[in-house]
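For reference, the structure discussed in these notes is given below.
Computation of the quantities below employed the complete heavy-atom set of this structure, encompassing side-chain atoms and omitting hydrogens, waters and symmetry-equivalent molecules. Owing to the predicted nature of the structure, the values given are computational and were not obtained by experimental measurement.
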Amino acid sequence: MARLAQTAGLTDIQQEILSTVRDFVDKEIIPVATELEHRDEYPQQIVDGLKELGLFGLMIPEEYGGLGESLLTYALCVEEIARGWMSVSGIINTHFIVAYMLKQHGTQEQKDHFLPRMAAGDIRGAFSMSEPGLGSDVSAITSKAVKDGDEYVLNGQKMWLTNGGTSSLVAVLVRSDEGHPEGTAPHKSMTTFLIEKEPGFGEIRPGLTIPGKIDKMGYKGVDTTELIMDGLRLPADRVLGGTTGRGFYQMMDGVEVGRVNVAARGCGVAQRAFELGVQYAQQRHTFGKPIAQHQAIQFKLAEMATKVEAAHAMMVNAARKKDSGERNDLEAGMAKYLASEYCKEVVEDAFRIHGGYGFSKEYEIERLYREAPMLLIGEGTAEIQKMIIGRRLLEEYRFQG
């Protein structure tokens with residue numbers, strides 16, 4: 001049989017792109033990932049290699065210097081990269097979401113200004129919705145923009161920015177009551193602003209501070225930060241799309257494709273965990289034979305492989321649905337939910353197969369075991385996904401009594 005998680009119906013170009021990315025992952029990421037992760041070191045050399053491959057512009061249209069590829073192609077590339085090291089896929093993902101939002105919702109001037117440099121990887125993107133007391137309740141955002149002449153003044157504290165320090169463009173969601181009378185629904189009085197900045201930490205421009213990296217259990221290497229706005233002034237032409245009050249919808253559109261990305265990451269990490277588990281099971285001997293020959297281990301491998309296949313199929317379906325131009329929040333929610341849950345389970349089973357050695361930092365599965373939990377909460381918790389899925393199912397299966 002073929003390797004797990006194969007995708008039918010790919011074009012020659014898609015297969016060539018995936019083959020190139022897979023070779024890069026095997027040669028440039030997997031051999032160094034665990035060492036860099038343990039040092040919590042930003043993978044600059046890997047990022048430079050991805051830039052040379054053109055992956056920062058994978059979905060950006062050709063007219064702006066990108067490759068103009070589909071969400072499916074992008075998701076399959078992310079799957080391969082996450083198989084090597086999930087943190088690297090996070091660096092790509094936030095950039096991709098901002099580029100997607102610009103492509104879909106930006107003014108022509110904003111597209112012309114940002115997208116060519118984003119395609120080249122010269123501008124790296126980050127996006128910001130969450131706040132310290134926010135959780136999943138986006139309507140509770142307190143960060144605010146107030147119009148002052150031809151500018152807006154932004155104040156507030158944002159949280160959990162992937163690429164917060166290394167990015168040079170941040171899409172940030174804040175309240176903007178201007179033009180929205182009291183009593184307006186919260187989601188109709190939010191605006192996305194585009195903040196240009198220099199990479200780094202501290203006060204990096206007047207009114208904008210990026211504190212140091214947040215120390216995390218896993219998902220290391222990539223910088224996760226806060227963002228503090230204290231009288232940050234932005235011109236009106238840095239409102240995404242040029243009109244206030246549309247930020248919530250713009251962000252949700254970005255997060256929808258981001259959920260396909262997180263599903264792809266879950267698939268990639270699960271694939272790597274399976275590879276490690278099945279390899280170790282054939283090397284480790286107990287009771288006079290490889291543990292792979294024990295029925296209990298074979299049952300685990302069978303369950304792991306089935307979960308890898310199922311998650312991959314749902315992720316591919318969600319990506320293809322979005323590429324067709326159809327609404328895919330149901331499919332994206334299902335794919336993100338299933339892939340992240342199955343990823344956790346496959347990683348844990350691989351960890352169990354390793355026995356005591358899985359607890360050692362010398363073995364790669366130890367890193368995966370710390371990385372998998374992030375997927376349970378990134379781009380919406382399992383509970384949020386189930387809420388989205390449930391509501392959409394009730395729309396589709398509305399009882400006509």
- Query: Which residue pairs pass the ring-ring contact (aromatic ring centres under 6.0 Å, His included) test when at least one of the two sits in residues 209-245, sequence neighbours left out?
  - Reply: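 For residues 209-245, and leaving out neighbouring residues, there are no ring-ring contact (aromatic ring centres under 6.0 Å, His included) pairs at all.
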Pairs under 3.5 angstrom only: tabulate donor-acceptor contacts from the side chains of residues 46-53 to other protein residues two or more places apart or in another chain.
{"from": "D48", "atom 1": "OD1", "to": "Q44", "atom 2": "NE2", "distance (Å)": "2.8"}
{"from": "K51", "atom 1": "NZ", "to": "D122", "atom 2": "OD1", "distance (Å)": "3.0"}

What pairs with [X] under side-chain hydrogen bond (donor to acceptor under 3.5 Å, both in side chains), at least two apart in sequence or on another chain?
{"X": "Q157", "value": "E226"}
{"X": "T7", "value": "H312"}
{"X": "S70", "value": "T73"}
{"X": "K111", "value": "none"}

- Query: Please, which pairs that meet salt bridge (Lys or Arg N to Asp or Glu O under 4.0 Å) have at least one residue in residues 257-269, sequence neighbours excluded?
  - Reply: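 Salt bridge (Lys or Arg N to Asp or Glu O under 4.0 Å) check on residues 257-269 returns no pairs.
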Go through the structure and list residues passing side chain to side chain contact (heavy atoms under 4.5 Å, CB included) with [X], not counting sequence neighbours.
{"X": "F299", "answer": "Q295"}
{"X": "T381", "answer": "S136, I377, E383, I384"}
{"X": "S324", "answer": "E326"}
{"X": "K27", "answer": "none"}

- What side-chain hydrogen bond (donor to acceptor under 3.5 Å, both in side chains) pairs are there with at least one residue in residues 33-42, not counting sequence neighbours?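 Passing the test, one end in residues 33-42: T34-R367, E35-R39, E37-R370, H38-E366, R39-E41.
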